[in-house]
2 protein chains.
Amino acid sequence: MPLTLEDIAKMAHVSRSTVSRVINGDTNVNEETRKKVEDVIRRLNFQPNIAARSLAAGRTGIVGLVIPAGVTAIFTDPYFPQLIQGIMKACNASDHSVMLWLTEADYERRVIRQILYGGLLSGVIIASNPIDDPVLQALHKSKMPFVLIGRHPNLDVNYVDVDNLNGGQKATLHLLRLGRQRVATITGPQNMIAGIDRYQGYCQALQAMNCPLRPELVVEGDFTEESGYLGMRTLLPHRPDAVFVANDTMAIGALRALYEAGVSVPQQVALVGYDDMPAAAHLNPPLTTVRQPIGKLGAAAMEMLLEIIRQPKSPTSHRVLQTELIVRMSCGSS
Amino acid sequence: MPLTLEDIAKMAHVSRSTVSRVINGDTNVNEETRKKVEDVIRRLNFQPNIAARSLAAGRTGIVGLVIPAGVTAIFTDPYFPQLIQGIMKACNASDHSVMLWLTEADYERRVIRQILYGGLLSGVIIASNPIDDPVLQALHKSKMPFVLIGRHPNLDVNYVDVDNLNGGQKATLHLLRLGRQRVATITGPQNMIAGIDRYQGYCQALQAMNCPLRPELVVEGDFTEESGYLGMRTLLPHRPDAVFVANDTMAIGALRALYEAGVSVPQQVALVGYDDMPAAAHLNPPLTTVRQPIGKLGAAAMEMLLEIIRQPKSPTSHRVLQTELIVRMSCGSS
DNA sequence: CAACGGATTGGGAGCGCTCTCATAAATCAT
DNA sequence: ATGATTTATGAGAGCGCTCCCAATCCGTTG
């Protein structure tokens, strides 16, 4: 039913080869012939069979996007959709398509196999939250071009990231400069680089201001609302007067705990979040937070991947985007 | 570099055909032979080339997921990730893969071409928000198996949906039964079926309770926070004592408008939202809302699609999931 | 004992495309 | 005018798989 190269060739009175040349932009085609063929293609709405092309040529114009499904937090805040949107924009612009893989542990081996040996992908973008993600490991050992979203502490891989260290630092410094004495933090999971880096930023800010790092003012969360709520309850007895929460979703949970405990924000406890999710501006009080350019991050990843596919042997490349502190009322600065 | 059927065949001392049979679960294989072949496959981590299989057999095990990118609201609340997650779960379980397409208007024609003529897809799930989505139209005219998420008022197509009419009805009735006299609504866009149905539910509830439908108590939003805020400001002069807001994101906006105007919730104005997004429980006051089983909806869509792929000529099938009213404080019922 | 049938297996064709090579036509240098 | 080079096109092979048909083997049956 669908048309083939041969059909187009017949209609344009040329050979299959010539049609192929036209489609792939080969320069060795007579201008007139090209016009003729392009005409037929447009008129019949012809689309070359992707599978056949893939088989014959090896390249496919399809990139994989791998997201670990274990991270439930990803599905409660808009990080993930924004990321995808950024990637897809860049994809559309470069005439590529995306295959999506949510890797649940049960299917991990299959996913790896399909990605590496299925022969369908030109490259992969992997939003690898856990540092020791098996898919990442497999990818790293293979020669499949790929880009990691979020830097990796040990592996020498291509990545794009936001400057989480600096972001955590900015947030904490802001609270410190406002005169807060006991600045606590609810961190992200310490097996994810974003969680680690934001926490390191917190530590460095304390150091820079000559404040002691009090272990009782540090609790680890996992980016979920629930863990923010519990974290805040753990923190409360130690009387913090400010908290840097490593993402907005946890900040919402923290806010709930504070509200229940009758603690006023920002008077008694100031709060700074991270992400600037849309709801942040509309919390009560509006949340001061660190904004990260998530859409841009996705687009940057895609651009980098295309570059790597084009130039497979180039040295690993990194791209780090900056964050911005959005001051609202929860930090009590105004 | 990657292995082929032929390689496996050689190692197992059988023919390419036999290996193919084993892989595809053909019963006409000697038990012993099967074991032997499966062994080699497992040992070498062999994965048949998807492109080649697709080319030879026509079927691919890949389904397309089409989401119109125009709908910005999709990216501010977790509807979309939850949907994807539901679909992917069903996909993993059935050994299928997903290609993702966000259709921006600029690339619509290309997307349609690739989906229909690329030869790579076994079927398509389309979350068609606008009723007159061109991709939907094209799909409907083609013989590509597809399932629509959200029913369609005119087209006879396969779909899964939640019972938005009933949901809107339940929410409105709840307010009415609480004794509210002037129940307003901020609707979703009236070119999306979800927006339409929830509004119809509102109308039917009024009717059932013999309340007049007052046009000044109805404003149309577009599912964004901003439109909820503006909608509420439009409504305020007409002194509603309750509002059914067609999604939680708009409810957050409405809440902000009420807060700014110094109107107390739920004392002066009661509020019910729709979606039960995770933040809903943590707003101030916690939001009464209609919960829909989004993940299940995605899984149901995938299951239906698999069914249709298997039985292409069966009559169109529909599946409607029910909603649940989650009562919290914003409706003032307790 | 020849003919027969089912259970297994192997081989060939072909899916629609790209790529290399051969050919033909056109251009250039000598 | 002849050979050499460039430009434009076509033909054939082959990517890795599935599917169909033929071949083989074995146990049955008349």
Side-chain angles (χ1 to χ4, degrees), chain A residues 1-38 40-41 44-62 95 97 113-114 116-122, chain B residues 1-38 40-41 44-62 95 97 113-114 116-122:
Chain A
M1 186 70 211
L3 296 167
T4 72
L5 268 196
E6 210 83 45
D7 298 329
I8 304 296
K10 209 162 291 169
M11 316 223 54
H13 305 292
V14 294
S15 76
R16 173 171 41 89
S17 304
T18 302
V19 179
S20 175
R21 283 191 194 95
V22 170
I23 287 177
N24 293 293
D26 191 315
T27 50
N28 281 346
V29 179
N30 183 292
E31 207 39 53
E32 212 169 308
T33 315
R34 173 186 307 278
K35 281 271 178 338
K36 204 168 52 181
V37 173
E38 280 176 344
V40 177
I41 290 177
L44 299 185
N45 234 321
F46 170 70
Q47 163 76 220
N49 182 302
I50 300 178
R53 163 179 289 184
S54 160
L55 185 56
R59 62 193 148 65
T60 63
I62 301 177
D95 203 7
S97 309
R113 272 211 338 254
Q114 291 190 338
L116 292 184
Y117 309 121
L120 204 51
L121 300 184
S122 300
Chain B
M1 185 69 212
L3 295 167
T4 74
L5 269 196
E6 210 83 45
D7 298 328
I8 304 296
K10 209 161 292 168
M11 314 222 57
H13 305 291
V14 295
S15 75
R16 173 172 40 90
S17 304
T18 302
V19 179
S20 174
R21 283 191 195 94
V22 170
I23 288 178
N24 293 293
D26 191 316
T27 50
N28 282 345
V29 179
N30 183 292
E31 208 38 54
E32 211 170 309
T33 315
R34 173 188 305 282
K35 280 269 178 341
K36 203 169 53 180
V37 173
E38 279 175 345
V40 177
I41 291 178
L44 299 186
N45 233 320
F46 171 71
Q47 162 76 222
N49 182 302
I50 301 178
R53 164 178 289 184
S54 160
L55 186 56
R59 61 193 147 64
T60 62
I62 301 177
D95 203 9
S97 309
R113 271 211 338 254
Q114 292 190 337
L116 292 184
Y117 309 122
L120 204 51
L121 300 184
S122 299

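Convention: sequence-line order gives letters A, B, ...; per-chain numbering from 1.
Phe46(A) comes within 4.0 angstrom of the backbone, heavy atoms only, and of no base. Asn30(B) comes within 4.0 angstrom of the backbone, heavy atoms only, and of no base.
Between dT18(D), dC15(C), dC17(C), one nucleotide has an atom nearer to the side chain of Leu55(B) than all others, and that is dC15(C). Distance from the side chain of Arg21(B) is smallest to dT9(C) among dT9(C), dT18(C), dC19(D). Here the nucleotide nearest the side chain of Ala56(B), chosen from dG16(C), dT18(C), dC17(D), is dC17(D). The side chain of Thr33(A) lies closest to dT9(D), out of dT9(D), dT9(C), dG10(C). Among the nucleotides dG16(D), dC17(C), dT9(D), the one closest to any side-chain atom of Ser15(A) is dT9(D). Comparing dG10(D), dG11(C), dT18(C) by their closest approach to the side chain of Ser17(B) singles out dG11(C).
Lys35(B) and Glu31(B) are joined by a salt bridge, as a carboxylate oxygen and a charged side-chain nitrogen come within less than 4.0 angstrom of each other.
Residue-to-nucleotide contacts include a donor-acceptor pair under 3.5 Å from the side chain of Arg16(A) to the base of dT18(C).
For the pair Thr18(A) and dT9(D), the criterion of a side-chain N or O lying under 4.0 Å from OP1 or OP2 is not met.
Taking atom CG of residue Asn28(A) and atom P of nucleotide dT23(C), one finds them 18 Å apart after rounding to whole Å.
In summary, of the residues considered (Thr4(A), Thr33(A), Ile8(A), Asn24(A)), a side-chain contact (heavy atoms from CB on, under 4.5 Å) with Val19(A) occurs for Ile8(A) alone.
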